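Fair warning: this is a prediction, and the values are worked out from it, not measured in the lab.
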Amino acid sequence: MAEIAEIAARVLDDPERWPSDPQEAVALQRRMADRVREETLDADGVRLVCGLDVSYAKNDPALAAAAVVMDARTLEVVERVAVTAEVSFPYISGLFAFRELPPVLTALTELTTTPDVLVCDGFGVAHPRRFGIASHLGVLLDRPVVGSAKSVLYGRHSVPGQERGSWAPMVAGRSEVVEDSARLAGDGAEIIGRVLRTRSGVKPVYVSVGHRVDLAGSADLILRLSPTYRVPEPIRHADRLCGERRKAYEQEKARM
């Protein structure tokens, strides 16, 4: 069994990690947020990266989760796993980790390869309590995790330039577009992420530290993982695999 699979299995088996009450979940987030730490991420040194994603309908208890390990340099798929699971935690913004991480961890228990970095379709410290799903997963596993989201949950930011690689800082505050977030950062506002243009003339992605990575290295890695499309390749592949798994699950249900 791969190291990542063993760790994920231990985390899943600990009931104290998975409160069913939303107020208890918020309190746990606040306690665990203090355990997030930053370390320098050298994108040149990343060999294997794992993209993670989930797919579900808001009122459907069944959730598909996928983990796709890729070679960070060639972007070739090394391993892919998808699972379907019933979830019980309610659909509450800011608490998605308690709904989505158990199936994600279940997918990770089936990996035979341990990646150097995990990339989540979601936020890390760019979260009202500085503990989004990427940070939550990173602390649970004590592995490097980067958050790369397609929309904003929390944070003020400017619109970056239209060319690929342009970026603007995200600073703490209610989600809104501001004229100059770089000035706000320079004036001392807390920097919680980057708005990164991965493809010229296309909507940006929102990068944040999950755990054991730094923001500059995270943005560098996400840009390298997005040579053609807006979304980083590992997440794009995981998203597609989730769709395949959900379709197969729905077909299985229809035959029953």
Side-chain angles (χ1 to χ4, degrees), residues 1-37 48-57 60-69 78-124 127 129 131-147 210-213 234-235 237-239 241-242 244-246 248-249 252:
M1 181 180 282
E3 179 186 7
I4 191 76
E6 293 179 356
I7 299 171
R10 287 198 300 269
V11 170
L12 273 172
D13 287 341
D14 185 353
E16 294 186 2
R17 309 278 191 183
W18 311 111
S20 58
D21 178 74
Q23 291 185 336
E24 292 179 8
V26 168
L28 182 59
Q29 280 184 329
R30 290 187 170 126
R31 292 196 302 272
M32 293 181 68
D34 290 338
R35 294 167 56 187
V36 174
R37 68 181 190 272
L48 295 175
V49 61
C50 179
L52 302 168
D53 199 12
V54 299
S55 174
Y56 56 91
D60 188 344
L63 183 154
V68 178
V69 179
V78 175
E79 187 174 9
R80 60 203 302 264
V81 172
V83 301
T84 305
E86 298 279 325
V87 295
S88 57
F89 196 87
Y91 185 95
I92 301 174
S93 179
L95 295 176
F96 288 162
F98 295 95
R99 180 180 178 88
E100 299 177 2
L101 280 184
V104 166
L105 288 162
T106 299
L108 291 175
T109 65
E110 298 188 16
L111 287 181
T112 61
T113 307
T114 297
D116 301 308
V117 178
L118 298 104
V119 180
C120 280
D121 182 16
F123 292 98
H127 181 277
R129 291 174 289 279
F131 203 67
I133 190 168
S135 294
H136 202 143
L137 179 65
V139 169
L140 288 176
L141 300 176
D142 195 25
R143 303 290 300 184
V145 182
V146 174
H211 182 62
R212 291 184 59 186
V213 295
I235 293 177
H237 278 261
D239 173 73
L241 184 56
C242 277
E244 294 171 3
R245 184 69 192 96
R246 273 195 63 81
Y249 174 77
E252 291 167 7

Side-chain donor/acceptor pairs under 3.5 Å, residues 7-16, sequence neighbours excluded:
residue	atom	partner	partner atom	Å
D14	OD1	E16	N	3.1
D14	OD2	R17	NE	3.3

Between [X] and [Y], which heavy-atom pair has the shortest distance, and what is it?
{"X": "H127", "Y": "G124", "value": "CB-O, 3.5 Å"}
{"X": "C242", "Y": "A64", "value": "SG-O, 3.6 Å"}
{"X": "L140", "Y": "M32", "value": "CD2-CE, 3.8 Å"}
{"X": "V145", "Y": "G138", "value": "CG2-CA, 3.5 Å"}
{"X": "P22", "Y": "F89", "value": "CA-CZ, 4.0 Å"}
{"X": "R246", "Y": "Y56", "value": "NH1-CA, 3.5 Å"}

Contacts of A97 that satisfy side chain to side chain contact (heavy atoms under 4.5 Å, CB included) - sequence neighbours left out: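 Residues passing side chain to side chain contact (heavy atoms under 4.5 Å, CB included) with A97: L101, I133, H136.
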Under the side chain to side chain contact (heavy atoms under 4.5 Å, CB included) test, residues paired with A85 that sit two or more places apart: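 Scan of A85 (side chain to side chain contact (heavy atoms under 4.5 Å, CB included), adjacent residues dropped) gives P103.
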Heavy-atom side-chain proximity of F96 to V54 below 4.5 angstrom: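 Not in contact.
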Flag side-chain contact, heavy atom, 4.5 Å: L108 against C50: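 Yes; the side chains approach each other to less than 4.5 Å.
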Member of L52, I4, V49, V78 meeting the side chain to side chain contact (heavy atoms under 4.5 Å, CB included) criterion with P115: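 So the option named by the test is I4.
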Distance, nearest 0.5 Å, that separates CG of L95 from CZ of F131: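 Separation between the atoms: 11.5 Å.
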Separation of T114 OG1 from E6 CD (nearest 0.5 Å):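 Going from the CD atom of E6 to the OG1 atom of T114 covers 8.5 Å.
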Residues that Y249 engages under ring-ring contact (aromatic ring centres under 6.0 Å, His included), provided they are two or more places apart: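 For Y249, no residue satisfies ring-ring contact (aromatic ring centres under 6.0 Å, His included) once neighbours in sequence are set aside.
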Residues V69, V81; criterion side-chain contact (heavy atoms from CB on, under 4.5 Å); working and verdict: CA-CA 9 Å; V69 179; V81 172; over 6 Å; no
Contacts of type side chain to side chain donor-acceptor pair (under 3.5 Å), residue T106, not counting sequence neighbours: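 Testing T106 for side chain to side chain donor-acceptor pair (under 3.5 Å), a comparison that skips the adjacent residues, returns none.
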Results of side chain to side chain donor-acceptor pair (under 3.5 Å) for T113 - residues two or more places apart only: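 T113 satisfies side chain to side chain donor-acceptor pair (under 3.5 Å) with E79 only.
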Donor-acceptor pair, side chain of D116 and main chain of L48, under 3.5 angstrom: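 Confirmed, D116 side chain pairs with L48 backbone.
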Salt bridge (charged side-chain N to carboxylate O under 4.0 Å, His left out) contacts touching residues 85-96 (sequence neighbours left out):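 Every candidate salt bridge (charged side-chain N to carboxylate O under 4.0 Å, His left out) pair involving residues 85-96 fails, so no pair, neighbours aside, qualifies.
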Any pair counted as salt bridge (charged side-chain N to carboxylate O under 4.0 Å, His left out), so long as it reaches residues 133-145, sequence neighbours left out: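 Listed once each, the pairs are E3-R143, R37-D142, D142-R212.
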Pairwise side chain to side chain donor-acceptor pair (under 3.5 Å) hits with a residue in residues 19-32, at least two apart: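 Residue pairs with at least one partner in residues 19-32: Q29-R129.
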Set of residues satisfying salt bridge (charged side-chain N to carboxylate O under 4.0 Å, His left out) with respect to E244, sequence neighbours excluded: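 Result, salt bridge (charged side-chain N to carboxylate O under 4.0 Å, His left out) vs E244: R80.
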Under the salt bridge (charged side-chain N to carboxylate O under 4.0 Å, His left out) test, residues paired with D53 that sit two or more places apart: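 With sequence neighbours excluded, D53 shows a salt bridge (charged side-chain N to carboxylate O under 4.0 Å, His left out) to no residue whatsoever.
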